[in-house]
Number of protein chains: 2
Amino acid sequence: MSDVRQKAKAAKGAAKRLAILTPEEKNKALKTIARALRDRKKEILEQNREDLRAGEQADLSTALMDRLKLTDERLDGMARGLEELIELPDPVGEELETIHRKNGLRIQKVRVPLGVIGMIYEARPNVTVDAAGLALKTGNAILLRGSSSAFRSNITLVQVMQEALSDTSLPPEAIGLVEDLNRDAVQEMLTLKDGIDVIIPRGGSGLIQRVVRESTVPVLETGVGNCHIYIDRSADPQIAQTIVINGKTDRPGVCNATETLLVHQDWAKEHLRRLCHALGEHQVEIRGCSRTREQFPEAALADETDWETEYLDRVLAVKVVDSAEEAMEHIDRYGTRHSEAIITENDDIARRFLQGVDAAAVYHNASTRFTDGSQFGFGAEIGISTQKLHARGPMGLKELTSYKYHVLGSGQVR
Amino acid sequence: MSDVRQKAKAAKGAAKRLAILTPEEKNKALKTIARALRDRKKEILEQNREDLRAGEQADLSTALMDRLKLTDERLDGMARGLEELIELPDPVGEELETIHRKNGLRIQKVRVPLGVIGMIYEARPNVTVDAAGLALKTGNAILLRGSSSAFRSNITLVQVMQEALSDTSLPPEAIGLVEDLNRDAVQEMLTLKDGIDVIIPRGGSGLIQRVVRESTVPVLETGVGNCHIYIDRSADPQIAQTIVINGKTDRPGVCNATETLLVHQDWAKEHLRRLCHALGEHQVEIRGCSRTREQFPEAALADETDWETEYLDRVLAVKVVDSAEEAMEHIDRYGTRHSEAIITENDDIARRFLQGVDAAAVYHNASTRFTDGSQFGFGAEIGISTQKLHARGPMGLKELTSYKYHVLGSGQVR
């Protein structure tokens, strides 16, 4: 039996036991894992250093090396993340609805775990622990497939977690790591319909597109955000400037960062030049349409590619538009249904924008950067869904559950 | 532009308008369509007769011919189905939750349509009208791909519906029919991620498996039900017999019919023979394990295939088991996560079964035949989901919606 199939089978068995655990049992396991991560820091960091050494030899980019790196503080953060999960309410077992039928049937809609979550992700070893914690809290088993660059870190982290579980009522097989680094192993996960209930990819758009294309297991698509801010004619200049600078520069490398600015022509005439200068002071490079360049000739000329690009960098595409409608059409064409914002003092136009723009989160007078589980008050997040089925936007604990119906009768037939 | 791409594009445009309609506008459209179906019965039945003639020549089975056939009464039923939708509450626009954050942000979770639903289905032309009605009621556009055997009926039904819509505020493009009968047209639908938001297949397991395998558009998987009834040691013989006969014979050809009976050995010794006789009186053929044949030698010997088969016919597989645990393991191995029932007077064992069996609907002392939108009180149904993401079990109006977040601020940044 292949590595994937064997571990999925073990995870499936574990999932059955996880599904009926009490909140206390699951919380105790999270606590035990958090303690083990702190106790065994030294060996984890040692193995991580091996990965870093290999990464250096393989000439990984500085950004990748940074994401790969574990430190004392980062490990503490991971342990703290698990402890924070303990405080959150357990969604499993919640009775979502009870239907009483005239024939006497009582139909209870009950929240249950998904079963086995397959997680395919890149570089960051902290995902290994975060995702395992979220899975256990929600009564799910998890099968992890990290990237080869974090191989040693992931093996050690999973081993530490599994050994911690052996002191609890949770089966260690609840957390599995696919150690086969061949591309075929991913392919096997994606088609293992009787072993994995849902696949969550986390990483670049290449990874996500491959998973969506090849998976017969249902996928929770996450992540790609080509987010826009539209500054309406009536926008307050100070609010607009604060939000645009925050959207672009607070953390340019994440999916809820702003990538394109759309500006109403009237507002542009009065305020765009000042805004571009302010962005320049934050080291933001502007790529503008020809009308943007009328106001700010220093901007490079934007082309089609710029409207399509998620820069994930200190670059902002800027386009002057005639109306809110033109802005909405642009968003409809180039947006990725992630996060879109309007800055306006006109509530009618704001309402039209909120209703008309098809995205997980649509903002009025706030930064796109808020699309995030903890900012939404979910306490934890496994990713941000850009699809419409099952979950949309930040996915917290509830989004890692399904439901089933208990139908209670006394001999009823049709 | 291909037929599929062109109609999906038109549907996408229509979906934008549908999303912001009032419940009254949508209900008026449903009423207008229902009236048109009644007014234009003659031409619909004429075209349906053409399909039936072609079906005869192609030597379609009696069952298929029956499913293909429209009559005065069936058309009335379809029109009535639309009128019943009018009475149901409109789920779109419902505020599911409001989150107030400390920074003053107000986050509203609002129910919205899915967008464009792609429906791929076999034979029955009533699905054409039922699915279009459900889509319109929930503010979705729909792109239909029926089978070639119902080609003329479907074209006429869609034409009647579209012409009815042209008298309303709804765009006729809200209902599209793919007229290209090549297999490639289905392939195109399954990969049209920017044109179709969800694919719902309805038909045999071959169709459903193909859709799941090839689709990059998210799929709502429906339908295959290898459903079990487990008769526990303490089951009331009368209740057991009534439920088993109902589960198997009420309508053997549908997905919630019972296919395998599992019987505790103690109960089997006392009552199985009588139950098998009663089933025989209902023209049910028994295929039993060796222990079943000890009680009822008239039964054919069941093999592995029988445990796996969704007969959809008056055939029942019967297996004697040692315990509830063995029954649950059998269900876990051969079940399709659709509907599973236990008959017992022992509440502890019932609870263990309800919790432990992984299926959309798990029954205690009631027939599996109740897994159905109208039996659950949903008023309407687009299919029965056997997956865990998004929707599980009968899918009514709410299951044809998604949600989005409106985030209302006054200049907030991170």
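In what follows, every chain begins at residue 1, and chains take the letters A, B, ... in the order their sequences are listed.
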S.K.: So for B/Val212, is it side chain, backbone, both, or neither that comes closer than 4.5 Å to the heavy atoms of chain A?
M.R.: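 Both backbone and side chain.
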S.K.: Count the heavy atoms of every other residue, nucleotide or ligand shown that sit under 6.0 Å from CZ of A/Arg111, and state whether that count exceeds 12.
M.R.: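 Yes.
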S.K.: Please report the closest heavy-atom contact between A/Ala366 and B/Gly409, naming both atoms and the distance.
M.R.: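 So the two residues come closest at CB-CA, 4.3 Å.
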S.K.: Does atom NZ of A/Lys109 have more than 12 heavy-atom neighbours, drawn from other residues, nucleotides or ligands, at distances under 6.0 Å?
M.R.: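 Enclosed.
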S.K.: Measure A/Glu399 against the heavy atoms of chain B and call it side chain, backbone, both or neither at under 4.5 Å.
M.R.: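 Side chain of A/Glu399 only, per the 4.5 Å heavy-atom cut-off to chain B.
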S.K.: Within the structure provided, determine whether A/Val219 and B/Leu389 are in side-chain contact (heavy-atom separation under 4.5 Å).
M.R.: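 A side-chain contact is absent here, since even the closest heavy-atom pair is not under 4.5 Å.
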S.K.: In terms of heavy-atom proximity below 4.5 Å to chain A, should B/Asp332 be classed as side chain, backbone, both, or neither?
M.R.: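 Answer is side chain: those atoms of B/Asp332 sit under 4.5 Å from chain A.
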S.K.: Where does B/Asp236 contact chain A at under 4.5 Å (heavy atoms): side chain, backbone, both or neither?
M.R.: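 B/Asp236 has no heavy atom closer than 4.5 Å to chain A.
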S.K.: Where on B/Glu221 is there a heavy atom nearer than 4.5 Å to chain A: the side chain, the backbone, both, or neither?
M.R.: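 For B/Glu221, side-chain heavy atoms alone lie under 4.5 Å from chain A.
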S.K.: Checking heavy atoms, do the side chain of A/Ala360, its backbone, both or neither come under 4.5 Å from chain B?
M.R.: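 Backbone of A/Ala360 only, per the 4.5 Å heavy-atom cut-off to chain B.
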S.K.: Select, from A/Ser215, A/Ser410, A/Gly115, the one with the greatest count of heavy-atom pairs under 4.5 Å involving chain B.
M.R.: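 Counting heavy-atom pairs under 4.5 Å, the top option is A/Ser410.
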S.K.: So do the side chains of A/Phe370 and B/Ile107 get within less than 4.5 Å of each other, counting heavy atoms only?
M.R.: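 No. Closest side-chain heavy atoms not under 4.5 Å.
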S.K.: Could you check which of A/Lys388, A/Gln387, A/Lys102 has the highest count of heavy-atom pairs closer than 4.5 Å to chain B?
M.R.: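 If we count pairs closer than 4.5 Å to chain B, A/Lys388 comes out on top.
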S.K.: Under 4.5 Å, counting heavy-atom pairs only, tell me which of B/Val112, B/Val198, B/Thr216, B/Asp194 racks up the most with chain A.
M.R.: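 Of B/Val112, B/Val198, B/Thr216, B/Asp194, B/Thr216 has the most heavy-atom pairs under 4.5 Å with chain A.
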S.K.: Given a strict heavy-atom distance threshold of 4.5 Å, which part of A/Ile99 is in contact with chain B: side chain, backbone, both, or neither?
M.R.: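 Only the side chain of A/Ile99 comes within 4.5 Å of chain B.
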S.K.: Side chain from CB out, backbone as N, CA, C, O: work out which of these in B/Arg101 comes under 4.5 Å of a heavy atom of chain A, or both, or neither.
M.R.: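 The side chain, not the backbone.
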S.K.: Quick check on B/Lys193 against chain A: is it the side chain, the backbone, both or neither that has a heavy atom closer than 4.5 Å?
M.R.: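 Only the side chain of B/Lys193 comes within 4.5 Å of chain A.
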S.K.: Could you name the residues of residues 333-351 of chain A that have a heavy atom within less than 4.5 Å of a heavy atom in chain B?
M.R.: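 Near chain B, by residue number: none.
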S.K.: For the interface with chain B, which of A/Lys12, A/Gln238, A/Gln412 has the highest count of heavy-atom pairs at distances below 4.5 Å?
M.R.: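 Top option by heavy-atom pairs under 4.5 Å: A/Gln412.
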S.K.: Which class fits the ring pair A/Tyr405 and B/Phe376: parallel under 30°, tilted 30 to 60°, perpendicular over 60°?
M.R.: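 Perpendicular.
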S.K.: Heavy-atom pairs under 4.5 Å with chain A are the metric here; pick the option from B/Leu408, B/Val362, B/Thr242 that has the most.
M.R.: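 Option with the greatest count: B/Val362.
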S.K.: Can you tell me which portion of A/Asn103 sits under 4.5 Å from chain B's heavy atoms? Options are side chain, backbone, both or neither.
M.R.: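 Only the side chain of A/Asn103 comes within 4.5 Å of chain B.
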S.K.: Under a 4.5 Å heavy-atom cutoff, which of B/Arg213, B/Gln375, B/Lys16 has the most pairs with chain A?
M.R.: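 Among B/Arg213, B/Gln375, B/Lys16, the one with the most close pairs to chain A is B/Gln375.
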S.K.: Which one, B/Thr191, B/Val110, B/Ile243, leads in non-hydrogen pairs under 4.5 Å with chain A?
M.R.: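 It is B/Ile243.
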S.K.: Please report the C-alpha distance between A/Lys404 and B/Arg392 in whole Å, then the side-chain angles of each, then the deciding distance to 0.1 Å, and finally whether the side chain to side chain contact (heavy atoms under 4.5 Å, CB included) criterion is met.
M.R.: CA-CA 7 Å; A/Lys404 75 199 255 194; B/Arg392 211 171 180 197; 3.5 Å; yes
S.K.: Do any of residues 245-258 of chain B have a heavy atom less than 4.5 Å from a heavy atom of chain A, and if so, which, in residue order?
M.R.: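 So far as heavy atoms go, B/Asn246, B/Asp250, B/Asn256 are the residues that approach chain A to under 4.5 Å.
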S.K.: Within a reach of under 6.0 Å around CZ of B/Arg210, are more than 12 heavy atoms found that belong to other residues, nucleotides or ligands?
M.R.: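 Result for CZ/B/Arg210: enclosed.
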S.K.: Counting heavy-atom pairs under 4.5 Å to chain B, which of A/Ser402, A/Ala240, A/Ser367 comes out on top?
M.R.: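 Maximum pair count with chain B is reached by A/Ser402.
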S.K.: Under a 3.5 Å distance rule, please check whether A/Arg414 uses its side chain to pair with a backbone N or O of B/Arg369 as donor and acceptor.
M.R.: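 Pair found, side chain donor or acceptor close to backbone of B/Arg369.
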S.K.: Name the region of A/Phe378, side chain, backbone, both or neither, that has any atom closer than 4.5 Å to a heavy atom of chain B.
M.R.: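 Interface part for A/Phe378: side chain.
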S.K.: Measuring heavy-atom distances to chain B, does A/Val357 have an atom under 4.5 Å in its side chain, in its backbone, in both, or in neither?
M.R.: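 The backbone, not the side chain.
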S.K.: Heavy atoms only, distances under 4.5 angstrom: which of B/Ala391, B/Gly93, B/Gly393, B/Ala19 has the most pairs with chain A? Name it, please.
M.R.: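 Counting heavy-atom pairs under 4.5 Å, the top option is B/Ala391.
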S.K.: Would you name the heavy atoms of A/Gln355 and B/Ile20 that are closest together and state the gap between them?
M.R.: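 That closest heavy-atom pairing would be OE1-CG2, 3.4 Å.
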